[in-house]
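This report refers to the structure that appears directly beneath it.
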Amino acid sequence: MRKPVHVEESPVSKPLELVTIPAPPPESRVRRDARFATSGEKRTRYHLPESLESSSPVGYRTRVSLSREEASTLLSLLSLPRPSRFVPGPAPTERELFEECSLGVLSARQSTNFRGQREVLLGPKDSEQAAALLRRMGRKEAPVLDGAAFTHVVLARPYRTPFTFLLTFVGHKPLASLLTVPLRAWAKRFRHADDIPTIGYLKELHLGVLADAMERAAVIASAGTRRAQVFLEPFEQPSDAAALRELEALVGLTSAERAAGWRISLVAQVGHVSEEERVPMERPTARRLGAALLALRSERIQPGVNAEPSAPPAYQARQPLDVPEELTVQAGRAAYNAFARFTGVSRERAKELLLLERIDVLTPHGKERLRAVREELEQVTDKLIARLPLWADLALGRALSRNSARGRKAFALAGQRIYVGGLSRREVEQSGLSFAHAVRAFGAAAARGALVAEVAGTTEIPEGCDLRGGVCLMAGPVNQNDIGKQFFGSKDLLEQAFAGRAPTSLLVWTFKAKTVADPIGNEQQLLDAARKGALVDLRPGPHEVVAVRQGTALGPMRQSGGRVNAERAFGDVGNFVTDPEGREIPGNRGTVWPVEQADAPLWPGGTQ
């Protein structure tokens, strides 16, 4: 049974109110008791890693316990208007740019972390040329501004992972599969075709998540003095195609990269703003907010509900916590703010276009609905495994069927309040938007709504706890449902709640109130190739995905000679994971980039 989603009646972004998750009584508080494995002890995903050698700016971090004032400052960034103009200002230092990228392209996707994005940074002079090209292309969602201090040009490619490899073998007829599997593989390789529509949407969703992160990154990296003007509408059909080709040449996009699927997908101008448009923020507050954002993780486990049997005792017992109704109202408000911001539609229309079904497990009807969704997803998985081409599964040592079965936990729905979200293509296009643009904006809305709950879960964290609550934002359930729709006659997850509106499910939020963070192994697989690193793209260093244009040359960020970055962004806050005795993971703090380079501007002179 669908519960109505609370909405407001204002055409502009609405300010957000801080609503925290009430702390449990002291006797119910638990935390992640992560320790190093002793000599001879078998390591598990709950043990601390022995060391870290990584160029990522993230590392293993603990949540920053925000004060109410700090949390309110962070929430204020989720309802800012766009900047109206840029003003002259000093040149940003190399470290400021590194930290802004750390909060953006280097970490925006959290645990998914698919390396399907990279970016080129343009200085003031190149930003002038980029602004002129943007105007020629015709950007409708916001004005192109003059006087940018620098510009992020983000390139993205289609989403491809071990899961999408598995999908190559799904949905074929037994005998015809000998022909249809190679044909589909060819189409994926050379035409960038997707096995199911929602896989294609993942690229767009990730771009929306990044766009939303970039807005905050510009403010925090500059302690409130700079703002970002983000252009998220797809660039595929510009008013002036020659202008797009010129921008591609400016950022060095080659024909080989285009053939591999790389495209300019997002542009963010960043510049200094006038006093009245600055965000009041002390530098120590900015440092703590930056560290807090880098520490956030997707939380899958709900204690006492879906912890594995081998998990330590802290994960096995339910906790007397709940996600307040008022918090979900604020999360929804933030989502509407973001969707309206990145599409240009009114908040009233945003509320109509965003389709949200709430499954509240604290009510009998909610439990029934959740059970029905779980059963449907299980049935799809059973059919998927049963109909895999036997010749392919045997040739791969049954890896296809094994990995399909393991994927069940990728859509484990566990949390107090669960939202399934999506869009209706028909209604989106009737509003004058392309569906790809709306999907990107939906990604931004999802990320912004999730952040509201994460802020609530990290404000005034009680002693003896890792957090008060977290969020798991996942596409797994809707992807599995999409497999059912494409090949087995299933209906969309949102069809019951929005009958007659032709909905397309895109993401699921699970809001969790708890005090113990997920296993350290969830983070380790993103940082250590030996710990399931083969199944994900490891967190990148700046030299791997960020290029800087200086003069006419492009060079990788933080690669000098044989040296690459090992600095952890906002590391001065000191929120690094230790064992209960305070022993640190060797290498986790990293090493600071040489001061003479980090404190120098990449483009001296600033904007005049």
With side chain to side chain donor-acceptor pair (under 3.5 Å) as the criterion, how do N565 and S55 come out once you've worked through the C-alpha distance, each side chain's angles and the decisive distance to 0.1 Å?
CA-CA 5 Å; N565 178 70; S55 58; 5.9 Å; no
Any salt bridge linking [X] with [Y]? Criterion: basic side-chain nitrogen under 4.0 Å from a carboxylate oxygen.
X    : Y    : value
E215 : R227 : no
R61  : E523 : no
D518 : R300 : no
E567 : R558 : yes
R263 : E248 : no
R568 : E99  : no
E246 : R136 : yes
R501 : E352 : no

Heavy-atom closest pair, residues [X] and [Y]:
X    : Y    : answer
S239 : G138 : OG-CA, 4.0 Å
V181 : P389 : CG2-CG, 4.3 Å
V420 : S505 : CG1-OG, 4.0 Å
L396 : F169 : CD1-CZ, 4.4 Å
A598 : T93  : O-CB, 3.5 Å
E299 : G470 : CG-CA, 4.2 Å

Short question: side chain of [X], backbone of [Y] - any donor-acceptor pair under 3.5 Å?
X    : Y    : result
Q269 : L145 : yes
H172 : L179 : no
R82  : A142 : no
Q550 : L602 : yes
R297 : L294 : yes
N481 : K491 : yes
R425 : F435 : no
D393 : L400 : yes
S431 : L433 : no
R184 : D195 : no

Using a 6.0 Å distance limit plus a 45 degree cone around the ring axis, check whether R549 lies over the aromatic ring of W603.
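No, R549 does not sit over the ring of W603.
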Check the pair F339 / R448 against side chain to side chain contact (heavy atoms under 4.5 Å, CB included), numbers first and verdict last.
CA-CA 10 Å; F339 193 82; R448 196 175 290 194; over 6 Å; no
Are more than 12 heavy atoms from other residues, nucleotides or ligands located less than 6.0 Å from atom CD of E53?
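No - once you tally the heavy atoms of other residues, nucleotides and ligands closer than 6.0 Å, there are 12 at most.
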If you draw a 6.0 Å radius around CD in E236, do more than 12 non-hydrogen atoms from other residues or ligands fall strictly inside?
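More than 12 heavy atoms, drawn from other residues, nucleotides or ligands, come within 6.0 Å of this atom.
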Please report whether the ring centroid of Y159 lies less than 6.0 Å from that of Y201.
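Ring-ring flag for Y201/Y159: false, centres at least 6.0 Å apart.
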Ring-ring centroid check F231 F235, cutoff 6.0 Å
no
Just by distance, with hydrogens left out, do T343 and E141 show a side-chain donor and acceptor under 3.5 Å apart?
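The criterion, which ignores hydrogens and geometry beyond distance, is not satisfied for E141 and T343.
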Can you see whether S560 engages W593 through a side-chain donor-acceptor pair at a distance of less than 3.5 angstrom?
no
Do the non-hydrogen side-chain atoms of [X] and [Y] ever get within less than 4.5 Å of each other?
X    : Y    : result
S298 : C472 : yes
R118 : V154 : no
E544 : P556 : no
E128 : D146 : no
R539 : S107 : yes
I196 : L167 : yes
P92  : S222 : no
R157 : E257 : no

What do the steps show when you test E376 against S490 for side chain to side chain contact (heavy atoms under 4.5 Å, CB included), and what is the final call?
CA-CA 8 Å; E376 180 183 335; S490 301; 4.0 Å; yes
Member of K203, K188, R160 meeting the salt bridge (Lys or Arg N to Asp or Glu O under 4.0 Å) criterion with D194:
R160
Working note: Q524 + R45, criterion side chain to side chain donor-acceptor pair (under 3.5 Å); need CA distance, chi angles, decisive distance, verdict.
CA-CA 8 Å; Q524 190 171 9; R45 59 201 296 259; over 6 Å; no
Roughly how far, to the nearest 0.5 Å, is [atom2] of [Y] from [atom1] of [X]?
X    : Y    : atom1 : atom2 : result
M137 : I264 : CE    : CD1   : 6.5 Å
L202 : F163 : CG    : CZ    : 8.5 Å
S424 : L354 : OG    : CG    : 12.0 Å
S265 : E204 : OG    : CD    : 7.0 Å
L134 : Q129 : CG    : CD    : 11.0 Å
I220 : L77  : CD1   : CG    : 5.5 Å

With E100, the side-chain hydrogen bond (donor to acceptor under 3.5 Å, both in side chains) member among R216, R95, H152:
H152
Begin from the C-alpha positions of T381 and Q480 and carry the test side chain to side chain donor-acceptor pair (under 3.5 Å) through to its verdict.
CA-CA 8 Å; T381 304; Q480 200 73 358; 2.6 Å; yes
Worked verdict on E233 versus H437 for side chain to side chain donor-acceptor pair (under 3.5 Å):
CA-CA 5 Å; E233 183 182 8; H437 187 188; 4.5 Å; no
Using the side chain to side chain contact (heavy atoms under 4.5 Å, CB included) rule, take L52 and D528 through it: C-alpha gap first, then chi angles, then the decisive distance, then the call.
CA-CA 8 Å; L52 175 63; D528 184 353; over 6 Å; no
Using the six-membered ring wherever Trp is involved, compare the ring planes of W509 and Y419 and label them parallel, tilted or perpendicular (cut-offs 30° and 60°).
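Perpendicular, since the angle between the ring planes exceeds 60°.
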Derivation and outcome, side chain to side chain contact (heavy atoms under 4.5 Å, CB included), residues R115 and L538
CA-CA 8 Å; R115 286 198 197 173; L538 302 183; 4.0 Å; yes
